[in-house]
Amino acid sequence: MTIPLITTKSEEIFAAAQKIMPGGVNSPVRAFKSVGGQPIIFDRVKGAYAWDVDGNQYIDYVGSWGPAICGHAHPDVINALKAALEKGTSFGAPCLLENILAEMVIDAVPSVEMVRFVNSGTEACLSVLRLMRAFTGRDKLIKFEGCYHGHGDMFLVKAGSGVATLGLPDSPGVPKAVTSTTLTAPYNDLEAVKQLFNENPGEIAGVILEPIVGNAGFIPPDGGFLEGLRVLTRENGALLVFDEVMTGFRIAYGGVQEKFGVIPDLTTLGKVIGGGLPVGAYGGRRDIMSMVAPAGPMYQAGTLSGNPLAMTAGIKTLELLQKPGTYEYLDKITKKLSNGLLQIAKETGHAACGGQISGMFGLFFTSGPVHNYEDAKKSDLAKFSRFHRGMLERGIYLAPSQFEAGFTSLAHTDEDIDQTLAVAREVMSSL
Ligand code: KE4
């Protein structure tokens, strides 16, 4: 038996928020629309935990959607920011910190020879698409159903994340002319990609994908899928782009491309490299990146790009991730969590599938297997909503959508995982 969650203050604040901000939030998935009930208003975070404005504590498996991989408010990051603050919050001019973070990204990510910092993953994906088109002189792109690359018009076609959550097939306000150059294929379907290349010879600038999907729930690539895309893009004079905004520095220090050994032409990054401050980045082959203004003709700019605070938080976060044992630890605790959830689902009679790679995991209430977005949509969304609410009421904060992945951090302990699994058993027994 649990004490009902006291959410008085959360409800008051959310009610007021809805009058002054669309849906009461600044990003749709936070509104809990797909899981029902009121969102929790956060007051503060630390390590693996979050506290809401009513004083309830949660073990947090969203981690600000990925950036909090070292644990929220890591003292080294906070102290580095405090020192940086004394020197100002933004320069609008080059600073050494940009060189330092750029060098770290180039050293870490196999495909990246040059990098440009921007302020969000969306901005990184918008920019990389323009670059793909500028370099190849071609207009069309291939994306995959359920993959989310930020809210740029041309990507809002069968996208994942909040679009999937809200069931927005194509957002209003996106001209047909814009999406007419966006081709889509089911994830893990090389034949479909081959067919699109055959139907659009010489017209496809490139293929962009989440090399491990996090925005349709957690969907890893089938064996040979990434390798097959590498071959197909090369054969067709198209570019291969890994959107590693979510997976970068999470799956491995060098991202999916390091772990799976498939090197794209261009990569987008975000989340972790900002250490919780707004940073995105795109980078890749020097011959391609040299097209970016002012080195080349492809224009892209940003007032706060490379600002000293965001660079500082990113540098310190990557330094922490370089410590030996980081990714082994993330994999160990996340494997324990994921395997435990699947075992408990089995023991309590719920069809479920899912898995994890390093500090990223997912759970679908369907027998599966889940190889693509269509499979993911077969999961029992109503059951997921009841599960989410049950876990929340018992102090476990999961992503408020079936079409999101879960994230652990270096701050999550064995005891946190044990507690989470004990609660999951209680909730699944009553689902
Ligand atoms: P942002 O513009 O939200 O920084 O990044 C867009 C983006 C691009 N590519 C991938 C693979 C992403 O996962 C994202 C953003 N992820 C979502 C979570 N699924 C952000 C959370 C939100 O939209 O509130």
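Atoms within a ligand are numbered from 1 in the order they appear, just like the ligands themselves. Heavy-atom basis, side chains included; hydrogens, waters and symmetry copies ignored.
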Visitor: More than 12 heavy atoms of other residues, nucleotides or ligands under 6.0 Å from CZ of F91: yes or no?
Guide: yes
Visitor: For atom 16 (N) of ligand 1, state which one of M246, K271, E404 supplies the nearest heavy atom.
Guide: K271
Visitor: For atom 19 (N) of ligand 1, what's the nearest protein heavy atom and its distance?
Guide: N215 OD1, 2.4 Å
Visitor: Check contact between H151 and ligand 1, using heavy atoms of the residue and a distance below 4.0 angstrom.
Guide: no
Visitor: Give the atoms of ligand 1, by number and element, whose distance to some non-hydrogen atom of T122 is under 4.0 Å.
Guide: 1 (P), 2 (O), 5 (O), 6 (C)
Visitor: With E319, which of K316, Q322, K323 fulfils side chain to side chain donor-acceptor pair (under 3.5 Å)?
Guide: K316
Visitor: Under the ring-ring contact (aromatic ring centres under 6.0 Å, His included) rule, collect the residues that match up with F32, sequence neighbours excluded.
Guide: H388
Visitor: Centroid separation under 6.0 Å, is that true for the rings of F42 and Y397?
Guide: yes
Visitor: For atom 24 (O) of ligand 1, what's the nearest protein heavy atom and its distance?
Guide: S27 OG, 2.6 Å
Visitor: Look only at interatomic distance and state if W65 has a nitrogen or oxygen under 3.5 Å from any nitrogen or oxygen of ligand 1.
Guide: no
Visitor: Which protein heavy atom lies closest to atom 5 (O) of ligand 1, and at what distance to 0.1 Å?
Guide: G121 CA, 3.3 Å
Visitor: Regarding T267 and Q257, do their side chains bring together a donor and an acceptor under 3.5 Å, going by distance alone?
Guide: yes
Visitor: Side-chain contact test, heavy atoms from C-beta onward, threshold under 4.5 Å: evaluate it for L131 versus M289 and give yes or no.
Guide: yes
Visitor: Give a yes/no verdict on a cation-pi contact between K383 and F387, requiring under 6.0 Å between NZ or CZ and the six-membered ring centre and an angle within 45° of the axis.
Guide: no
Visitor: Are any non-hydrogen side-chain atoms of L209 and F225 less than 4.5 angstrom apart?
Guide: yes
Visitor: Which bit of V29 gets closer than 4.0 Å to ligand 1, counting heavy atoms only: side chain, backbone, both or neither?
Guide: side chain
Visitor: Looking only at distance, does E210 have an N or O less than 3.5 Å from an N or O of ligand 1?
Guide: no
Visitor: Counting neighbours of NE2 on H350 that are heavy atoms of other residues, nucleotides or ligands and sit closer than 6.0 Å, is the number greater than 12?
Guide: yes
Visitor: Inspect the contact between R285 and D265 and indicate whether a charged nitrogen and a carboxylate oxygen are less than 4.0 angstrom apart.
Guide: yes
Visitor: Residue-level breakdown please: for E244 versus ligand 1, do any non-hydrogen atoms fall below 4.0 Å on the side chain, on the backbone, on both, or on neither?
Guide: neither
Visitor: Does the protein place a non-hydrogen atom closer than 4.0 angstrom to atom 3 (O) of ligand 1?
Guide: no
Visitor: Give the contacting part of E123 toward ligand 1: side chain, backbone, both or neither, where contact means a heavy-atom distance below 4.0 Å.
Guide: neither
Visitor: Checking a contact table here: which protein heavy atom is nearest atom 9 (N) of ligand 1, and how many Å away?
Guide: D243 OD2, 2.7 Å
Visitor: Just to be sure I'm reading this right: ignoring hydrogens, which of G270, G150, A216 gets closest to atom 8 (C) of ligand 1? Compare them by their nearest heavy atoms.
Guide: G150
Visitor: For ligand 1, is any non-hydrogen atom under 4.0 Å from H149's backbone (N, CA, C, O), its side chain (CB onward), both, or neither?
Guide: backbone
